[in-house]
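Working notes for the structure below.
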Amino acid sequence: MHPARPWAAATAEAASAWLPLAVPQNRSPLHCDSRRSILKALSILRSLRPREWLKNGFVLAPLFFSGNLYARAKYPAVLLTVAAFCLAASAIYLVNDVMDREADRQHPLKCRRPIAAGRLGVQTALLAAALLTAGGWMLAWQVNRATAACVAAYSVLTLAYCLALKRVLLLDAITIAAGFVLRAVAGAVAIQVYISHWLVVCTFSLAMFLALGKRLYELHLLGDNAELHRKVLFDYSEGLLKSAILATGLITLATYALYTVYPLMGTPARHAGLILTLPLVALGLGRYTHLVFRRRSGGCPSETLLSDRLLLLIIAVWAVTVYLLFELAKR
């Protein structure tokens, strides 16, 4: 071995002198407990997946399309419903991560999740899930019984998805889509407005479109090891998924077109000009399809939406256009 250089020896000696002072060796039990509590809280927060709460924006759809944006009296009910779904959804994420922890360890990205990485215990996660579920149901009950029923149905449906339905071809995507429909229906019953059946079908097909895009992303990302992470991917093929994505995208466009021309009970005038927004919807669906097919995105629809500037611009222009059409229809 080469003799140590004088400056290196001096540096090592100096470091050994001040290191015990900079990093205390005997920390108090209280300090260690506090640090563990903070780390556990952060692990739980990450497992709640706050980014996914964007999906609960579907609860706001009935408020927007019914022309009640200025009805401040309806805001508390809507916000409570959104919060209830956030809690209920996060509870299911915890349960799902507990059940999939072994499979997640085979995934290049999901292996970093707190439960799969071993930073959050199973018992702690399940206890948090139970508390979140109870909290979500209590918030929904404060709105009305129909809203509470929607949130409870969502919890039961998504739990069934975690236990069995996610392993069945196409039924996994259908279950996810049904969860989005429950969000939209809950938003309608919370403010007690009629929801068009075309809007329900459009919500369902759009959710199917997004769910199938996620399956295609997983198939591309995991390659030959796809079925090790998610067994249902063994039954899917790239050709089947692309065909299904195109089909659900076209159904979404068609049902949205029918919704814009089909008069809504009690408020037909407010939807008279919505057909003008059809090109924007087609452009948005086409852009998302491009991201899924060509750029192999779509693993997390929320992140895809927030990261693509063109898609954000299309949605913003669509929302402003719909708002202006509603304002013009009032005059």
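Atom set for the values below is all heavy atoms of this structure, side chains included, hydrogens, waters and symmetry mates excluded. In this chain, residues are counted from 1 in sequence order.
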List the steps and the verdict of side-chain contact (heavy atoms from CB on, under 4.5 Å) for V200 and F204. CA-CA 6 Å; V200 171; F204 178 83; 5.6 Å; no

Should Y259 and F65 be marked as a ring-ring contact (aromatic ring centres under 6.0 Å, His included) after you check the CA-CA gap, both sets of side-chain angles, and the distance that decides it? CA-CA 11 Å; Y259 172 68; F65 284 107; 5.5 Å; yes

Please walk me through it: do T304 and Y217 pass side-chain contact (heavy atoms from CB on, under 4.5 Å)? CA-CA 12 Å; T304 302; Y217 168 84; over 6 Å; no

With side-chain contact (heavy atoms from CB on, under 4.5 Å) as the test, would you mind laying out the steps for D100 and K166 before giving the verdict? CA-CA 11 Å; D100 287 353; K166 65 181 179 182; 2.6 Å; yes

Stepwise, does the side-chain contact (heavy atoms from CB on, under 4.5 Å) test hold for F64 with V322? CA-CA 9 Å; F64 184 68; V322 172; 3.3 Å; yes

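Applying the side chain to side chain donor-acceptor pair (under 3.5 Å) test to every pair with at least one member in residues 114-141, sequence neighbours left out, gives these pairs: W137-S155. Sorted by first then second residue, the side chain to side chain donor-acceptor pair (under 3.5 Å) pairs that include residues 174-183, not counting sequence neighbours, are N56-R183, Y154-R183. Within the structure, salt bridge (Lys or Arg N to Asp or Glu O under 4.0 Å) contacts touching residues 55-83 (residues at least two apart or in different chains) are E52-K55.
In terms of heavy-atom proximity, L278 sits nearest to Y256 at CD1-CD2, 3.8 Å. Across all non-hydrogen atoms, the minimal contact from A129 to V95 is CB-CG2, 3.9 Å. The two atoms that bring V193 and P62 nearest to each other are CG2-CB, 4.2 Å, heavy atoms only. For the pair A140 and A148, the tightest heavy-atom approach, listed with the atom from each and the gap, is CB-CA, 3.6 Å. When every heavy atom of A153 is checked against every heavy atom of L182, the shortest pair comes out as C-CD1, 3.9 Å. The minimum heavy-atom distance between A125 and L94, with the atom names listed, is O-CD1, 3.7 Å.
Hydrophobic clustering of Ile, Leu, Val, Met, Phe, Trp and Tyr side chains at less than 4.5 Å, counting indirect connections, keeps L132 apart from V82. Residues I92 and I176 do not share a hydrophobic cluster, clusters being chains of Ile/Leu/Val/Met/Phe/Trp/Tyr side chains in contact below 4.5 Å. A continuous path of hydrophobic side-chain contacts links L306 to W318 [ILVMFWY only; heavy atoms under 4.5 Å]. Both F180 and V189 are part of a single hydrophobic cluster, where members link through side-chain heavy atoms under 4.5 Å apart. Note: the hydrophobic cluster containing W198 also contains L276 (ILVMFWY, side chain heavy atoms under 4.5 Å, direct or indirect links).
Atom CG of L139 and atom SG of C86 lie 10.0 Å apart (nearest 0.5 Å). Atoms CD1 and OH, from I174 and Y161 in turn, are 12.5 Å apart once rounded to the nearest 0.5 Å. The distance from atom CG of L216 to atom NZ of K214, rounded to the nearest 0.5 Å, is 13.5 Å. In this structure, CD1 in I195 is found 9.5 Å from OG in S66, a value given to the nearest 0.5 Å. If you take CG on L126 and CE on M99, they are separated by 10.0 Å, rounding to the nearest 0.5 Å. Between atom CD1 of residue I115 and atom OH of residue Y93 there is a gap of 13.5 Å, rounded to the nearest 0.5 Å.
Under the salt bridge (charged side-chain N to carboxylate O under 4.0 Å, His left out) criterion, R287 pairs with D308, not counting sequence neighbours. With sequence neighbours excluded, the residues that form a side chain to side chain contact (heavy atoms under 4.5 Å, CB included) with T289 are F209, L246, F293. Residues satisfying the side chain to side chain contact (heavy atoms under 4.5 Å, CB included) test with T321, not counting sequence neighbours, are T277, L280, V317, L325. Partners of R49 according to the salt bridge (charged side-chain N to carboxylate O under 4.0 Å, His left out) rule, which considers only residues two or more places apart in sequence or in another chain, are D97. V143 meets the side chain to side chain contact (heavy atoms under 4.5 Å, CB included) test with A77, L80, T81, T147, A190; sequence neighbours excluded. Here R46 pairs with nothing under the salt bridge (charged side-chain N to carboxylate O under 4.0 Å, His left out) rule; sequence neighbours left out. Listed by chain and residue number, S90 satisfy the side-chain hydrogen bond (donor to acceptor under 3.5 Å, both in side chains) test with W53 (two or more places apart in sequence, or in another chain). Every residue meeting the side chain to side chain contact (heavy atoms under 4.5 Å, CB included) condition with L170, not counting sequence neighbours, appears here in chain and number order: L212, Y236.
Listed by chain and number, the hydrophobic cluster partners of L283 are L310, I314, where partners are ILVMFWY side chains within reach of under 4.5 Å, directly or through others.
A ring-centre distance under 6.0 Å is not found for F58 and F85.
In R167, the CZ atom is crowded: over 12 heavy atoms of neighbouring residues, nucleotides or ligands sit closer than 6.0 Å.
For the pair T260 (side chain) and L274 (backbone), a donor-acceptor distance under 3.5 Å is absent. A donor-acceptor pair under 3.5 Å links the side-chain atoms of R101 to the main chain of V98, judged by distance alone.
Between R215 and D172, at least one side-chain N (NZ, or NE/NH1/NH2) sits under 4.0 Å from a carboxylate O, which counts as a salt bridge.
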